[in-house]
Amino acid sequence: MAFGTLWVAGLFFLFSVPTKQFKPLYGHAPWLDDPFDAIYSFAMFFVPLVGLCLLVEVSLCLKSEALPLARVHRMVRACRVVLVMVGVTLVSCWISVAVGANSSAWRPAQTGGLIAFLILVTIGTGRVTADLGRLRGHAALAAAAGDRSGDLVGVPIGDWLGDLVEVVRRESRWCGPLRPWIVAAATWAERTIVARLRRHPLLGAALAAIGFGLGVGLNQAIREGYNLPATVLTVGLLIAGMYAFLVVAGAHLGIVRSERPLTNAHRRAVEAQVGACAAAVLALTFRNSLWWIVASNATAAGAAQFADLLAIAATSGATATLATQSLRAAPDRPQE
């Protein structure tokens, strides 16, 4: 199942990244425009990141060692996240085909090739998703029967960053005379970078998101000739999307095990930030249906109207998240 998920992630990478960068081909894709393109564009970054997390965990599963149950749970979660992201993107692509989006640019060779690749990825994703479903069924039956046999052990394991350092040390044996240098670098990274990330995981997520937004956003702005306001909005949305993803996926997959648990107030603030970032990305995705909020339309709207729409969406997202937290934390009223 884990290897199948890795194959799906690799196939999706080939389906998304090369075609997205090759304009003579991607220009004829049914999913060229938003909202389909926004989903496609974010998934082409998110899927490989989670695939890397899964690959690190799989590389630590050795026949000669007992397999920690926590690692199995982490791998299953990573598989589930990959398959959900790929599945949502594929559904979006198939909807674009069904509604004939960008049909004026369809060409038999280019569009037909993209749809053929889409069919291939869909079949592969469906098969691995079915395998994951059967695995969950077998696990439930084993738990109901009290089956604790096998090599699974309930010993605690560290976070994904610690596993990554361990993989680097273990695989350095292939580097010959460079191995001592690689091991020393991994040890230094564990004592400095990883230790600081464990103390300040949210700051690490923010810095990583900023680096991603600047790198990808500025490159896109230069290639497509954006003006300054459009460049700032593009970079900001990329930062927001990646930050929300890193916080949510990082917590779900155990990327960093924080040394300082969040207080209730701090947790609510973080969840509100994630809600604001997610709402801004959703506003980008479905902006053509939301221009009425700022009394504009797709033809007349410019950077100022777009900024207003994003600000309203982010504020609404944060407010809705805080309201949900309040309802969730409210004590049950005694029945009369």
Side-chain angles (χ1 to χ4, degrees), residues 9 12-27 29 31-53 85 89 92 102 189 193 196-197 200-250 255-256 273-288 290-291 294 296 298 301-315 317-318:
F12 181 81
F13 178 84
L14 294 176
F15 170 67
S16 58
V17 177
T19 57
K20 176 76 172 178
Q21 301 303 316
F22 189 55
K23 296 300 182 182
L25 178 63
Y26 193 71
W31 47 89
L32 174 68
D33 300 317
D34 288 334
F36 314 110
D37 181 67
I39 298 173
Y40 187 92
S41 298
F42 277 105
M44 64 185 264
F45 293 107
F46 295 164
V47 170
L49 285 176
V50 182
L52 175 62
C53 294
M85 289 190 297
T89 308
S92 171
N102 194 37
I193 299 175
R196 291 176 181 175
L197 286 174
H200 308 286
L202 293 174
L203 177 60
L207 292 176
I210 290 172
F212 169 79
L214 289 174
V216 176
L218 292 178
N219 177 64
Q220 180 177 340
I222 292 173
R223 288 189 296 106
E224 301 187 11
Y226 291 172
N227 57 24
L228 181 58
T231 301
V232 172
L233 290 172
T234 300
V235 171
L237 282 167
L238 288 170
I239 292 173
M242 182 56 73
Y243 178 75
F245 173 77
L246 290 177
V247 172
V248 175
I255 302 297
V256 181
Q273 292 172 7
V274 172
C277 291
V281 174
L282 286 175
L284 161 71
T285 304
F286 298 100
R287 64 186 181 278
N288 288 332
L290 299 175
W291 288 124
V294 291
S296 186
Q305 290 77 18
F306 192 23
D308 291 340
L309 178 63
L310 294 179
I312 293 172
T315 303

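Everything numeric here is computed off the predicted structure, so don't read it as measured data.
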Notebook entry, point to check: Between OH of Y243 and CD1 of I239, what distance do you get to the nearest 0.5 Å?
Noted result: 12.0 Å
Notebook entry, point to check: Can you tell me if Q220 uses its side chain to pair, donor with acceptor, with the backbone of G217 under 3.5 Å?
Noted result: no
Notebook entry, point to check: What is the minimum heavy-atom distance between A205 and V247, and which atoms define it?
Noted result: CB-CG2, 4.4 Å
Checklist line | Stepwise side chain to side chain contact (heavy atoms under 4.5 Å, CB included) check, L309 with W291 | finding: CA-CA 7 Å; L309 178 63; W291 288 124; 4.0 Å; yes
Next item on the list: Measure the spacing between CG of L290 and CZ of F306 and express it to the nearest 0.5 Å.
Entry: 10.0 Å
Checklist line | Shortest non-hydrogen contact between A313 and A279, atoms and distance | finding: O-CB, 3.1 Å
Next item on the list: Going by the side chain to side chain contact (heavy atoms under 4.5 Å, CB included) test, name the single residue among L49, V216, I210 that passes it with M242.
Entry: L49
Notebook entry, point to check: Would you say Y226 and V235 make side-chain contact, with heavy atoms under 4.5 Å?
Noted result: no
Notebook entry, point to check: Do the ring planes of W31 and F15 sit parallel (below 30°), tilted (30 to 60°) or perpendicular (above 60°)?
Noted result: tilted
Next item on the list: Could you give me the CA-CA distance, side-chain angles and deciding distance for T231 and L218, then say whether side chain to side chain contact (heavy atoms under 4.5 Å, CB included) is met?
Entry: CA-CA 7 Å; T231 301; L218 292 178; 3.8 Å; yes
Next item on the list: Take L310 and R287 through the side chain to side chain contact (heavy atoms under 4.5 Å, CB included) test and state the conclusion after the steps.
Entry: CA-CA 9 Å; L310 294 179; R287 64 186 181 278; over 6 Å; no
Item checked: Nearest heavy-atom neighbours spanning L25 and T19 -> CD2-CG2, 3.8 Å
Next item on the list: Any chance you could measure F42, atom CZ, to L237, atom CG, to the nearest 0.5 Å?
Entry: 6.5 Å
Check: How many angstroms lie between atom CG of L284 and atom CG of L238, to the nearest 0.5 angstrom?
Finding: 8.5 Å
Note to self: Once rounded to the nearest 0.5 Å, what's the spacing between atom SG of C277 and atom CG of L246?
What the structure shows: 10.5 Å
Notebook entry, point to check: Is the ring centre of F45 less than 6.0 Å from the ring centre of F245?
Noted result: no
Check: When you look at F12 and V17, which way does the side chain to side chain contact (heavy atoms under 4.5 Å, CB included) test go after all the steps?
Finding: CA-CA 8 Å; F12 181 81; V17 177; over 6 Å; no
Margin query: For A303 versus L233, what's the shortest heavy-atom pair and its separation?
Written below: O-CD1, 3.8 Å
Check: Considering only heavy atoms from C-beta outward, does the side chain of I39 approach that of T89 to under 4.5 Å?
Finding: yes
Next item on the list: State the CZ-CG distance between F212 and L207, to the nearest 0.5 angstrom.
Entry: 15.0 Å
